[in-house]
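Computed from a predicted structure; not experimentally measured. Per chain, numbering begins at 1; letters A, B, ... match sequence-line order. Computed over heavy atoms, backbone and side chain alike; hydrogens, waters and symmetry mates excluded.
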Amino acid sequence: EAGVTQFPSHSVIEKGQTVTLRCDPISGHDNLYWYRRVMGKEIKFLLHFVKESKQDESGMPNNRFLAERTGGTYSTLKVQPAELEDSGVYFCASSENRGQNNEQFFGPGTRLTVL
Amino acid sequence: RKEVEQDPGPFNVPEGATVAFNCTYSNSASQSFFWYRQDCRKEPKLLMSVYSSGNEDGRFTAQLNRASQYISLLIRDSKLSDSATYLCVVSSGQNFVFGPGTRLSVLP
């Protein structure tokens, strides 16, 4: 079974540019999450989709970040315009809809560098 | 204070040693607890869920003390392949709160 995939694996952009990250969850997983790890810090939650609906977006840092999950399949996370502090690794995870104690399966991450 | 705190590490131990990691969490409403491992430049992968009664999986034993809001992970007979960062993860609902991780290096 294919795991969570993310694209691109790396992205280097200049401050002010736009970048769109994509995540394909495990097929059949209703829950999709975005997380971010900035240099030297712990992994932090950004937002959570259940199917196509945003269940919790309390972790989104500001309105330069826009996440979508049209059709409840893959998700995109757009950063516009990118700032230096947005550099980090963006992880996507998915889980089945079985209530509490669900294992979240993580994708390999997208390493974003903003110059 | 961070919501999830872990031993700062790194831990450098010889093969065959027993090593214990500690984790504390501040949110008393937390309901689910996990240990994930993360290899260098890779994604986190579930090592084990942690249950109130404590649980064991081969050389790994996890324990939870809800009253003290404390979680532990014990690795016995450590192998070179156990070298990684161990992440304590806590959830009060669906979303995960990660600790900063403790790095383990098992030396030959």
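Note on A/Arg36 versus A/Glu42: no salt bridge recorded, every NZ/NE/NH1/NH2 to OD/OE distance being 4.0 Å or above. Between A/Lys54 and A/Asp56, no side-chain nitrogen of the basic residue sits less than 4.0 Å from a carboxylate oxygen of the acidic one, so the salt-bridge criterion is not met.
Interface check for chain B: of the options A/Ile43, A/Val4, A/Leu47, the most heavy-atom pairs under 4.5 Å are formed by A/Ile43. Each of A/Lys44, A/Arg111, A/Lys41, A/Gln55 has some count of heavy-atom pairs under 4.5 Å with chain B, and the biggest count is that of A/Arg111. Taking B/Leu87, B/Val4, B/Leu46 one by one and counting their heavy-atom pairs under 4.5 Å with chain A, the maximum is reached by B/Leu46.
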In sequence, state the C-alpha distance, the side-chain angles, and the governing distance for A/Tyr35 and A/Gln104, and then conclude on side-chain hydrogen bond (donor to acceptor under 3.5 Å, both in side chains). CA-CA 12 Å; A/Tyr35 294 88; A/Gln104 293 187 17; 2.8 Å; yes
Given the rule in the ring pair (Phe, Tyr, Trp, His ring centres under 6.0 Å) test, do B/Phe21 and B/Phe11 qualify, once you have shown the distances and angles that lead to the verdict? CA-CA 9 Å; B/Phe21 299 132; B/Phe11 283 40; 5.2 Å; yes
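Only the side chain of B/Lys2 comes within contact range of chain A, with heavy atoms under 4.5 Å apart.
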